[in-house]
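Written below as structure tokens is the structure these notes are about.
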There are 2 protein chains.
Amino acid sequence: MNSYTEENYLKAIYKLVEQDGEAVSTNAIAEKMNTKAASVTDMLKKLSDKKFINYQKYQGVTLTAKGEKTALIIIRKHRLWEMFLVEKLNFKWDEVHDVAEQLEHINSDKLIEQIDKFLNFPKTDPHGDPIPDANGKLLTPKSKPLSAFNVSDNCLMMGVVDHSPSFLQYLDKMNITLGNEIKIKDIVEFDKSLQIIVNKKQTFFISNDVAKNILVKTK
Amino acid sequence: MNSYTEENYLKAIYKLVEQDGEAVSTNAIAEKMNTKAASVTDMLKKLSDKKFINYQKYQGVTLTAKGEKTALIIIRKHRLWEMFLVEKLNFKWDEVHDVAEQLEHINSDKLIEQIDKFLNFPKTDPHGDPIPDANGKLLTPKSKPLSAFNVSDNCLMMGVVDHSPSFLQYLDKMNITLGNEIKIKDIVEFDKSLQIIVNKKQTFFISNDVAKNILVKTK
DNA sequence: AAATAAATTTAGATTAGTCTAAAAATAATT
DNA sequence: AATTATTTTTAGACTAATCTAAATTTATTT
């Protein structure tokens, strides 16, 4: 089996590759893992020996098929546990991350498949992120940032980019949650802030920075 | 916080003290932890420094109040997770141990209290073992081995001594489960085997060894 | 294209937990 | 009580993951 630490490196590398779309640097991994570049280099050698990553000295890394599958299965567990915490144990969407970071490393196929079944096979986690299947296959839902839409577009809230508790709490306060309808009433020329109508009821302004972090699709 | 390994040592020491009722030896711990005596000595020093155990070289160990509370909170988590697996995720009582060994180390007060609530505050785990409360207090249910009773005594199945999958599967096959009524019809003079009537329906023989491992109380 | 800056890797230590082999302490036996 | 056996501890070494500091490679600037 792989160690807790190896799993966390694979997950970090997966997310960086997903984000940047290219080979990721030692420093980028070090920052994400809150560790030093020298430690990362040591681990990269190990992950490379185990065929989880493609690694050439000084050239950055990408995941092999084996590494990507392993990363996606950890992400599957993380997201299923988040869903469980919110749906069954009264956690808020801004409280689940740290616990799921621990639970994702529990090793039991039966456990995770039963959790999946218990939740009735959810497609996304509480933040709208897609849940990979048991083989590590991911169906990415088609969504774009709200900031990419225009005046009078009518959208459906699909997820978030920033997952920080403070951002999620802000969305709660504004009543912006998964599945809500968001219609763009106006876009301010000066700062690109948006006036939006949520669920045909509340009308208010959000900054363009906020809009960039809200994922929606056209309704 | 305490490491995964420290927690496992504390749990092992708790169980050995509970079983033997006196200071436990380095070798006994080594055997229970599947490790070597030299490794145990190292860990005992560390646990002693942290005030979890009373330890004098060559004299064996007992738990301090702090150590016992810590052990009981780990046992609380283990037993609540076992109950969750059986009650909510279709695990059998002989399948839960290994997964619960992992889950017991998850660190989140909210998580474990919500699991407790979700299960409607169970008093015992799937094997009839009592679940300590959130402060590490344990109410031991009064039960004795079936082998301590006499002909025509009518008992209620309360738990098991041996927790091995093979023993639990045997009990399943014989339809002996928690809460069943067990009446002693006869005790064979020769080998002390027992003829029992389960739930007023099935009558059959069990060995004295088996009877020693079934915990009951008088109905 | 040479010099400088930035990123990355190597070298050598450190910590937690483990091990083997040897030494020391306790227990059992004659 | 002396000897032998058993248990426990110490000494020194190993692995995984980390670190700092120095060396090396790659990238950027002049």
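Chain naming here is simple, since letters A, B, ... match the order of the sequence lines and numbering starts at 1 in each. Worth saying up front: this structure is predicted, and the values here are computed from it rather than measured.
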The side chain of [X] lies closest to which of these nucleotides: [options]?
X	options	value
T41(A)	dT9(D), dT8(C), dT26(D)	dT8(C)
Y58(A)	dT26(D), dC19(C), dT10(C)	dT26(D)
Y55(A)	dT8(C), dT9(C), dT9(D)	dT9(C)

Rounded distance in Å - [atom1] ([X]) to [atom2] ([N]):
X	N	atom1	atom2	answer
Y4(A)	dT15(D)	OH	C1'	20 Å
D42(B)	dA11(D)	CG	P	11 Å
D49(B)	dA16(C)	CG	P	11 Å
K45(B)	dT15(C)	NZ	P	16 Å
M43(A)	dA16(D)	CE	P	10 Å
L44(A)	dT18(D)	CG	C1'	14 Å
M33(B)	dC19(C)	CE	C1'	15 Å
I29(B)	dT7(D)	CD1	P	14 Å

(message) Checking side-chain polar atoms at under 3.5 Å, does T62(A) have a donor or acceptor matched by the opposite partner on N54(A)?
(response) yes

(message) Between W93(B) and D172(B), do the side chains contain a donor N or O and an acceptor N or O under 3.5 Å apart?
(response) yes

Is the shortest side-chain N/O distance from [X] to OP1 or OP2 of [N] below 4.0 Å?
X	N	result
N27(A)	dT8(C)	yes
S3(A)	dA16(D)	no
T26(A)	dT9(C)	yes

Sugar-phosphate, base or nothing in reach of [X], heavy atoms under 4.0 Å:
X	value
S39(B)	base
Y9(B)	sugar-phosphate
T5(A)	sugar-phosphate

(message) Please compare K36(A) and K57(A) by the position of their nearest nucleotide in DNA chain D and report the one closer to 5'.
(response) K36(A)

(request) Run the ring-centre check on F84(A) versus F84(B) and record whether the distance is less than 6.0 Å. (result) yes

(message) Under the ring pair (Phe, Tyr, Trp, His ring centres under 6.0 Å) test against H97(B), which residue among H78(B), H163(B), H127(B) passes?
(response) H78(B)

(request) Measure from NZ or CZ of K45(B) to the centre of the six-membered ring of Y55(B) and say whether it is under 6.0 Å with the direction within 45° of the ring axis. (result) no

